[in-house]
Amino acid sequence: MSMTTGLTPKQRAEKSAEAMWASDAASQWAGIEITAMDEGAATLELTVQAHHCNGHGSCHGGVTFMLADSAFAFACNSRNQATVGQSTSMTYTAPGRLGDRLIARATEISLTGRSGIYDVTVENQTGQMIAAFRGLSRAVKGQLFDE
């Protein structure tokens with residue numbers, strides 16, 4: 001007889017994020033913060049600092065991508081099922097600037113079997129779109145925490 005933990009989907013998403021965050025040295029190193037979690041959704045934020053900027057004085061595209069990719073990762077792992085990125089793409093629409101607060105909101109578009117589709121929008125603090133990201137995920141063996 002299986003035991004259920006009685007977690008709500010939001011609680012499971014938050015606990016999954018907490019478990020993943022503990023080992024996510026890359027996102028922590030970059031200065032990324034998780035500001036909201038739910039099933040199939042995540043919001044992560046980053047304040048652009050000097051070390052995030054490129055030779056043009058704007059936020060390096062790789063930093064913006066890392067923020068979006070991390071939001072994607074937390075959204076697609078929100079059900080306590082280990083899930084990895086299979087394919088991603090990003091379109092940049094405006095530069096992030098020094099001091100900007102970049103906000104990446106990941107939303108699940110589709111989840112069919114082990115395959116998911118997620119869209120992430122990255123905006124600055126005024127709501128201007130900085131980038132649009134799409135990630136395709138694939139569930140693998142394992143969980144983030146024992147349940």
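Worth knowing before you read on, the calculation uses all heavy atoms, side chains too, and leaves out hydrogens, waters and symmetry mates.
- A heavy-atom distance below 4.5 Å is found between the side chains of Leu46 and His52.
- In this structure, Ile117 CD1 and Leu111 CG are separated by 9.5 Å, a value rounded to the nearest 0.5 Å.
- Contact of the Arg138 side chain with the Ser115 side chain is registered, since non-hydrogen atoms from C-beta on lie closer than 4.5 Å.
- Residues satisfying the ring pair (Phe, Tyr, Trp, His ring centres under 6.0 Å) criterion with Phe65, sequence neighbours excluded, are Phe133.
- His56 places no side-chain N or O within donor-acceptor distance of the main-chain N or O of Ser58, the cut-off being under 3.5 Å.
- Scanning both residues, Thr88 and Phe72, for their nearest heavy atoms gives CG2-CE2, 3.9 Å.
- Rounding to the nearest 0.5 angstrom, the gap separating the CG atom in Leu102 from the CZ atom in Arg97 is 11.5 Å.
- Connection of Ile34 to Ile103 is not established within any shared hydrophobic cluster, with ILVMFWY side chains joined at heavy-atom distances below 4.5 Å, either directly or through further cluster members.
- Applying the side chain to side chain contact (heavy atoms under 4.5 Å, CB included) criterion to Ser87, with sequence neighbours excluded, gives Leu136.
- Ile130 CD1 to Asn124 CG: the interatomic distance, rounded to the nearest 0.5 Å, is 4.5 Å.
- The residues Glu147 and Lys15 are annotated as not salt-bridged, no charged nitrogen and carboxylate oxygen being separated by less than 4.0 angstrom.
- In terms of the side chain to side chain contact (heavy atoms under 4.5 Å, CB included) criterion, residue partners of Ala36 (sequence neighbours excluded) are, by chain and number, Thr43.
- Side chains of Ser27 and Ser70: a donor-acceptor N/O pair is present below 3.5 angstrom, by distance only.
- Cluster annotation: Phe145 is connected to Met20 through the hydrophobic network of ILVMFWY side chains, with a link wherever side-chain heavy atoms come within less than 4.5 Å.
- Residue pairs meeting the salt bridge (Lys or Arg N to Asp or Glu O under 4.0 Å) criterion with at least one partner in residues 69-89, sequence neighbours excluded, are Glu39-Arg79, Arg79-Glu108.
- Ser78 has its side chain out of reach of Asp38: every pair of non-hydrogen atoms, C-beta onward, lies at least 4.5 Å apart.
- The salt bridge (charged side-chain N to carboxylate O under 4.0 Å, His left out) test applied to Glu33 returns Arg101, not counting sequence neighbours.
- Screening residues 126-137 for salt bridge (Lys or Arg N to Asp or Glu O under 4.0 Å), with sequence neighbours left out, gives Asp119-Arg134.
- Listed for the Gln81 side chain is no donor-acceptor partner under 3.5 Å among the backbone atoms of Gln143.
- At least one side-chain heavy atom of Arg105 sits less than 4.5 Å from a side-chain heavy atom of Glu123.
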